[in-house]
Every structure is written in C-alpha cells, then in structure tokens.
Amino acid sequence: MPQITKLANGVEGLFVENSRFNTTLVSFNFYLPLKRETYSSNALLPYVLSSCSFEYDNFRKLNIKLGNLYGATLSTNNSKIMDYQCLNIAVSVINDEYTLEHEGVVNEAAKLLASLIFSPALQNDSFRESDVNREKAQMLDRIRGEINDKRGFARQRAVSMLFGDDPYGVSRYGEEKDMEKITGRDLFIAWERMLRTAFVRVNVIGAKLPSGLWNAVSSAFSAIKRENVTEFTGFNTPNLKNTEQTDYMSVSQGKLVMGFSLGEVKAERETAATTVMADIFGGGPYSRLFTNVREKLSLCYYCACQAIKNKGFMLVDSGVESENATKAKEEILNQLEIMKKGEFTDDELAASIISICDSVKSLEDSLSTLNAFYTSRVFDKSVSSPSELINIIKQVTREDVIKAAQKVTPCVTYQLLPEGK
Amino acid sequence: MEKTFIKGVCVPENCTKVVLSNGLKIFITEKKNFNTNYVIFGTKYGSIDTAFSKNGGEKVVVPEGIAHYLEHKLFESEDGDAFTRFSATGANANAFTSFDRTCYLFSCADRFYENLDILLDFVQSPYFTEQTVQKEQGIIGQEIRMYDDNVGWCVLFSMLSAMYKNHPVKIDIAGTVESIAKINAPLLYSCYETFYNPSNMFVCVAGNVDTDEVIEHIKNGIKPSSPVTIERDTFSEPDEIITDYVEKKMEIAKPVFCFGYKEKCEGERSLKDILCSEILLDVISGDTSPLFEELINKNLINYEFDSEYFQGNGYSAPIWQGESDNPKAVAEAIKTEVERLKNEGIDEELFESARRSLYGTAIKRYNSVDGIVMNLVDCAMYDNEPYDDIKILRDLKKSDVEERLNLLSADKTVLSVVLPK
C-alpha cells in the first residue's frame, strides 16, 4: 500500500515501496484548474524548467550531468485530468547498487530534480528569453506537427468538436496563437502561480525513499506563500455537441472518429461498468469492433474505442477507405445497439473482465504505468491501489454493462478523407 | 538437450539457456517478484528473406511482404483464431514482423501455462486456403496505406531506396499492394516449412515461472520435425550509394529528413561493434554534444532529432532523423562534425557520459519482463549471451569507439527529405 505524507498546505508525498525495480522514479505533479487563458503558459513551463537551471545554466551541461548519473532520464508531461491541467516533471535513475563504482546517484538525481523546479535560471523576475524562445519554438513545432500523425490529429479534431468552447477541447500542447505571445515574464508568473496555488503530489516509486527528500520538499514550500490551493470539486460534463465534419487532405488512408457521451458516470461501480462495456465494445482483439468491423467485414485496419470516464466521453477511431467510411460508421452504431440490448455473450463479458484484471495486475510491474495510475487518481480516494480496482471490476455484472451502454449517445463524427474521393 | 545457467553481470539476475535436440533455443529468466509473464515464440525470418534455398535445393524467390503476411495468417487455424483462444484466458497477445524476425507473443498475469500451450500450438498449426489468404489482402492493404501516410516511415524507406541497390531492406516490411497480390497458399506453406522449423526458432520467457517446468512444457509442446538448412541470399550489394539526395512531398507541417552513411556491406555486426557505434552516435549528435547544442540554438533542428545505428544481415548505416527547415544544412553539419572527430578524436568527458548512459539503459532493461525478453530474442538471433552488453560497456575504451569513425565516408551519404505540400 502506498504511504501518503502531508508535506505542506496542499502538498503530499506518495511513496510506493517496490523492490522489483532496479531504478527509482521521482515525479512532481502539479494540478491546476483547466482554463484556456492559462493553459498554454502552463503547458510550456515543465519544458523550460527541465531544460536548464540556476546551477546548470544550459541544457548541454544538464544533459552531461544526467549522462554521468548513468543516463538518468528527465521526463515532462502536460495532461488534462478531469477539469485540471496536470504538469509533470520526473526523473528516473538506476539504484546506487547497480552503478559501476557503487556511487550514490539516487539522492543526487532527486536533488537535481528539485533544483530544476525550485531554482530555475532566472533574470530579474523573469525566465531568460533565450530559454523561453528555444522551448517555445519546440512547442510550436509540436503544435503544428500534430497534423503529421493523422490518427492523433483526427482524434483531437473530434475532441475539439465535442467540447466546443469548454477548455477540455484545447489541444494537448496548447494554442498556437497563445504560445507565440508568451514572454519570460509571463512564464515567471505562471511558475509562481504553480508553486503558490497548485495541488502538488510528489510520487516516489522505488526500493527506498531518497533520504531527506520529504524534508527538502517541505522546506522548499515553507518559503512559498501557499494560497488558493487547487481543490477537487468533482468534474463538469458540459453538453457535448452534436456535429459532423469531413476534411479532405492528401492522404492514402481515411480516418473516421466518432465521439459519444457516456452520460452520468460518477460512482465507482458505474465507472467500472463503463470500463467493461467499452472493452467489450472496442477494447482488445476479442471486442465487437475488432471482430466485426475489422475481421468479419474487413472495413478497416484498426477500429477501437477508448472511454475517458473522468470527463464523460468515449471515442471510437478507425482507419478506413473512403468508400467504406459510411458502412463502418453504420456498423459501429449497430454494434453499440447490440451492447445496449445486451446481445453480447457471457464469454465476451468473462473475457473482458479477465483481460482487464490481468492488465491491472500487470500495472505493478511497470514504473511508468504505476506512476500514471497514481497521477490520474490523485483526487479519487475510493481506490488506493491496483488490487482494489481489480476487486471492483470483478463485481461488474451483465446488467451493469447494459445500463452503462444504454447511457451512451452518439454526438460527433469527424472524417479525414483522401482528396478527390 | 544442452542446458546452461548464465549468471548476471552487475545485476542480480540470471538466465537459463537450453538448446533442444531439434535445434530450438530456449531462454528463461525467472522474475519471482513480478506479476507479469512475457513470452516470445519467434523465428529468424523477416522481410529481407525474399530469396533462399532449403536443404541445398533450388533458390526460391518470393513476393515482398510475405513474412508479414504469414504472420497475419498464422493467427487463423481450421477451428478459429488464436485471439479468441487467448480471450478466454485474459492474455494480451500480439505479433510483429521486422526486417530479420517474426515474433509471436503474449503477456499475462494468470494462467501462464494455458497461454503458453495456445502460443506453441497456433504458431505450429498453419492453415492457409486460397479463400482465407485472399481475405487478408484487404486488411494488409489498409495497413500498407496507413504506413504510406506515416512520414517517418516514408522518409526512412526513401533513404534506404537511395542507399541500397539490391538489398531488400529497402522494401517496406509489409510489401506493396502489388507484391502482396502475388501471395498464395502454396507460397505461404513453402516459407512456413523453411523458416518455421525449430532449428531456426526460439522461445524466450521472463516472469514468475519455474524454469524446469517451462522447459518440460515447451519440450512437450513442440511438434516433431527434422532440422533444415537454410541458405539465405547474400544480396551482392555494392559499397556505393545510388544517389545522395531524394525528396518527396506529403501533407505535413515542416520538412522531415533522414540522413545516413552507408557502411561497407558485410554480414552481421558484432555486439561490440553495435554498442561502439551507438556510443559514437551519442558523441556526434546526442543531447550532450556540441553539435546538438549548435543545431538547436540555430533553430535548425528540434527535439524530434534522433539517431540510430540501423543494421542487420548485409546492411549497416548510422542514421539521423528529424524535422528541419533546412535539412541540407543539418546534413552538412553532421558531416563536418564527423570529419572533425576523425581529426581531433573524441572528447573523454562525452565518451564517459555516453558510456554510462548506455550502461544505465542496459540496467533499466531488467525493470520489465518485456525488456528482458526482447534482449533474450536478440541473443537467440545473434548467438550472444544475455549479459554480454553490460560486460562490454563496463570495459569499453574510447579508442574502440574512435575506430568506428573510419567506416564513415563522406561520399557514401544519403539525405532523404519529405517536404510539406
């Protein structure tokens, strides 16, 4: 069971003791309200913070240091969880006993990570413009480059269509026009706001807690006036939009993405039922979408669904030929009707529950999935470990699944089709 | 049956290697504190094996993409498909084909031996009819089209086509819509009977298993057969390139490039050569190098920039891929840096940072059962021992890496560019 330690107002440390790994992961997660006006500057922040610091004032020096710590890996992430924006900066490093000369690298890597966050390279209450411009150029390339991955691009278009003006519709890396305007001073304000107001969870997964880490985090935050700290107040499911759109591009394969509302999914049991429903519908290779849309009808190469339960929607995405897009859409809706009528077999239900439980059990064998599990469940006090989640999934019945399917309603259809077809 | 116990180097790991009398290689690593078990049953047969002879018989030339086609078809048997069988046990099953291998795999937390039986059975039970072979053309055609829209894939194969005159590494792993149209059941059986013989195959296992029990299970599950001798085409590839620049256009945001040096075409590179080349790439252009800093600061590359030592039977090339508004300037900068390093030698600090970093990566592999199994597969394919890379990295000298620079000739480079439409 993980141990949670309160370190300051709205700052928690979570330690998952796990000796099966020969590395230790330290991950700082900052949860802020999801707002369009602050999204892009927040999104840029972890990238600038992890590129250099007061001590390592250029990225090359920092990277040489990381290399000498046996390839300690710095990773950054920016994600939307419910109505919150989560900024993440983490380091993963091999444990001391595996180094060539048994050097103490874990404490050093944890200290390095904390220094990147609390002691960045600043100039007169501003981030250095050279650092900001370098990382902004990277972010602008990521935003503009979203079109390179046609599957991801089509999915994002469907999410934007579903959410309209709701900030959840914003693209993962932020808006191009907002990103272009960010200055070193803007980023300094975003950094201060993050340290002052974010709910903070520091996850440590490894054989032992780096010594002095909790004290160091406590004392770093004691120097900061913590106020208006982000609190969990549930999540808002806006009225999802009902629209259709088709874009034409010079592509070989078309994409069809359908967005659905999951209806009200709040109780833990409802969430578990929705997980099983979405899995039977379009999860693994045994799912209805894979076996019917792909295998029996050969309408597409992939056809899968993903339920984002903590925001009340579901996406079905598929790679199709233009001439098959309408047929594929009809068959996806037909399979949903089958779910609603409960015309799936007991074998399908059993296969799905076994498969989900198997996957959840395997979560504990990966540092990154274990970290993602605790990061996404920070506000959910009802499930504290993967094994508790397995117990809830095992209790899902056929009736629960039918009820979950009956709440699903189709909302948007987005198609990206080859030009001239 | 030969059985060898191999003790880990620098990691508290071990592995048992078994060679059965029919030639099948088995590698097993016990991970008693893990929930997940991971298995690959594979064959040394990939997309480059397009011409071969069996038991000294006549040379056979088969359509491009047939190894991958065979992988798809093997999931089907006379009484249903393997995915359906795995769905009853909750395992997560999959397969992949690369240039030199085809691997069938599953991961599971429970019911390991049932899953192992399914895997051993379906891979050894080919069932191809003209009708089932025909049906797959639609799905694989869709997969080929999906890759046609993948810019990273296209820019790599354009470069390989400009680099290799005869070697089939230049052909897409899945073949082309035209080449797969020539595939029929007798051809699939011919390839199957040649390459899916235990003497050309391996089973690699990691997880919470008992070594002796796994060996017994595999021995009982392998069908009787006589070993075959396979003569693979030697390709007669010239040392020269075809052309040093190629470009095409796609629906993307920013130009994408792939740049590489064609090395002298010999058989397979040794593990030490491969590791030295990987360190060399890190020294030339990794994120600790002066070149990387210069290219980022001049805004010539972004963090998508990456390098790889691309090698296999009869081909090897250090390659760089990335996005740039001026790919020619990036290629020139790489060539200049290579020449500088040839004259001035490698910086000791950068060598040490790169060596430790690669050593750390090798250690981190033991964090996951899939990482362990992928390494065991490499060992089975190329007759290495599981901890050889750690030993080599522990003892590697800067001069070993510098020797690899001599393989890079400025007149054997190819730059492939995809421009936005």
Side-chain angles (χ1 to χ4, degrees), chain A residues 19-23 58-60 63-64 66-72 92-94 98 100 134 137-138 141-142 144-151 249-253 284-286 290-291 294-295 298 300-302 319-321 347-348 350-351 354-359 361-362 364-367, chain B residues 10-11 31 33-36 81 83-84 87-93 107-110 135 138-139 142-143 145-146 148-149 151 250-254 256 286-290 292-293 296-297 299 302-304 323 349-350 352-354 356-361 363-364 366-369 394 421:
Chain A
S19 57
R20 74 190 75 182
F21 304 119
N22 50 28
T23 51
N58 76 47
F59 62 84
R60 194 167 157 236
N63 289 329
I64 291 174
L66 291 165
N68 286 327
L69 291 172
Y70 291 88
S92 161
V93 59
I94 63 171
Y98 303 116
L100 287 168
R134 181 188 64 240
Q138 301 293 324
D141 274 356
R142 288 185 192 106
R144 293 170 189 147
E146 283 179 335
I147 196 173
N148 295 2
D149 167 21
K150 305 295 182 288
R151 184 175 183 177
M249 266 187 210
S250 165
V251 291
S252 297
Q253 185 189 63
Y286 47 82
F290 187 90
T291 51
R294 173 180 142 136
E295 292 291 304
S298 292
C300 55
Y301 175 60
Y302 63 86
V320 291
E321 298 269 2
D347 283 349
E348 285 171 285
I354 292 174
S355 165
I356 296 168
C357 292
D358 204 284
S359 307
K361 211 168 167 186
S362 296
E364 289 178 317
D365 291 340
S366 156
L367 270 173
Chain B
C10 300
V11 280
K31 293 291 281 183
N33 54 355
F34 273 62
N35 294 328
T36 319
D81 75 277
F83 282 129
T84 312
S87 72
T89 62
N92 188 353
S107 70
C108 71
D110 294 318
K135 199 199 104 210
I139 290 174
Q142 281 290 344
E143 187 176 355
R145 270 184 275 281
M146 188 175 78
D148 283 345
D149 290 331
V151 60
M250 288 175 73
E251 196 82 58
I252 51 169
K254 190 172 184 160
V256 171
D287 58 14
T288 57
S289 68
F292 182 81
E293 185 178 36
I296 285 281
N297 287 341
N299 218 3
N302 58 28
Y303 295 155
E304 294 296 307
E323 298 177 351
E349 186 190 24
L350 290 189
E352 186 54 21
S353 172
R356 283 181 174 220
S357 200
L358 204 55
Y359 170 88
T361 304
I363 297 289
K364 285 179 194 169
Y366 295 94
N367 271 347
S368 72
V369 284
R394 190 186 57 190
K421 276 200 167 166

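Note on naming: letters A, B, ... go to the chains in the order of the sequence lines (proteins, then strands), and numbering restarts at 1 for each one.
For A:R151, no part lies near chain B; criterion is any non-hydrogen pair under 4.5 Å. Contact of B:L358 with chain A is not made at all, since no heavy-atom distance falls under 4.5 Å. For a residue to count as touching a neighbouring chain, one of its non-hydrogen atoms must lie under 4.5 Å from one of that chain's; by this rule B:N297 touches chain A with the side chain only. Heavy atoms closer than 4.5 Å to chain B are found nowhere in A:D149, neither backbone nor side chain. Proximity to chain A is limited to the side chain of B:Y359, based on heavy atoms less than 4.5 angstrom apart. Heavy atoms closer than 4.5 Å to chain A are found in the side chain of B:N299, but not in its backbone. For chain A, the nearby part of B:K421 is the side chain; its heavy atoms alone come within less than 4.5 Å. Contacts between B:E293 and chain A at a heavy-atom distance below 4.5 Å involve backbone atoms as well as side-chain atoms.
Per-residue counts of heavy-atom pairs under 4.5 Å with chain A were compared for B:S289, B:S353, B:A88, B:S87; the largest is that of B:S353. Listed options A:E364, A:R20, A:M249 were ranked by heavy-atom pairs under 4.5 angstrom with chain B; first place goes to A:R20. Comparing A:V320, A:L367, A:D347 by heavy-atom pairs within less than 4.5 Å of chain B, the highest count is held by A:V320. Contact count versus chain B (heavy atoms, under 4.5 Å) is highest, among A:V93, A:I147, A:L100, for A:L100. When the candidates B:C108, B:G286, B:S107 are compared by the number of heavy-atom contacts under 4.5 Å with chain A, B:C108 comes out ahead. When each of A:S250, A:S298, A:S355 is scored by its heavy-atom pairs under 4.5 Å with chain B, the top score falls to A:S250. Ranked by heavy-atom pairs shorter than 4.5 Å toward chain B, the options A:R144, A:K361, A:E295, A:E146 are led by A:K361. Per-residue heavy-atom pair counts under 4.5 Å with chain A were compared for B:V151, B:D148, B:I363, and the maximum is reached by B:I363. Contact count versus chain B (heavy atoms, under 4.5 Å) is highest, among A:S92, A:G319, A:A351, for A:A351.
Of the possible polar contacts, one joining the A:D365 side chain to the B:N35 backbone as a donor-acceptor pair under 3.5 Å is found. The closest donor-acceptor contact from the side chain of A:E348 to the backbone of A:Y286 lies at 3.5 Å or more, if one exists at all.
You'll find the side chain of A:D141 stays beyond 4.5 Å of the side chain of B:E304, heavy atoms only. Looking at heavy atoms from C-beta onward, B:T288 lies out of side-chain contact with B:E349 at the 4.5 angstrom threshold.
A parallel orientation is assigned to the rings of B:Y303 and B:F292, their planes being inclined by less than 30° (bins at 30° and 60°).
Judged by a 6.0 Å distance limit and a 45° cone about the ring axis, A:R134 is not positioned over the six-membered ring of A:F59.
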side-chain hydrogen bond (donor to acceptor under 3.5 Å, both in side chains) assessment of B:T84 paired with B:D81: CA-CA 6 Å; B:T84 312; B:D81 75 277; 2.8 Å; yes
Candidate pair B:E323 and B:N302, rule side-chain hydrogen bond (donor to acceptor under 3.5 Å, both in side chains), full reasoning: CA-CA 7 Å; B:E323 298 177 351; B:N302 58 28; 2.8 Å; yes
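Between A:K150 and B:E251 there is no salt bridge, since none of the side-chain N atoms of the basic residue sits less than 4.0 Å from a carboxylate O of the acidic one.
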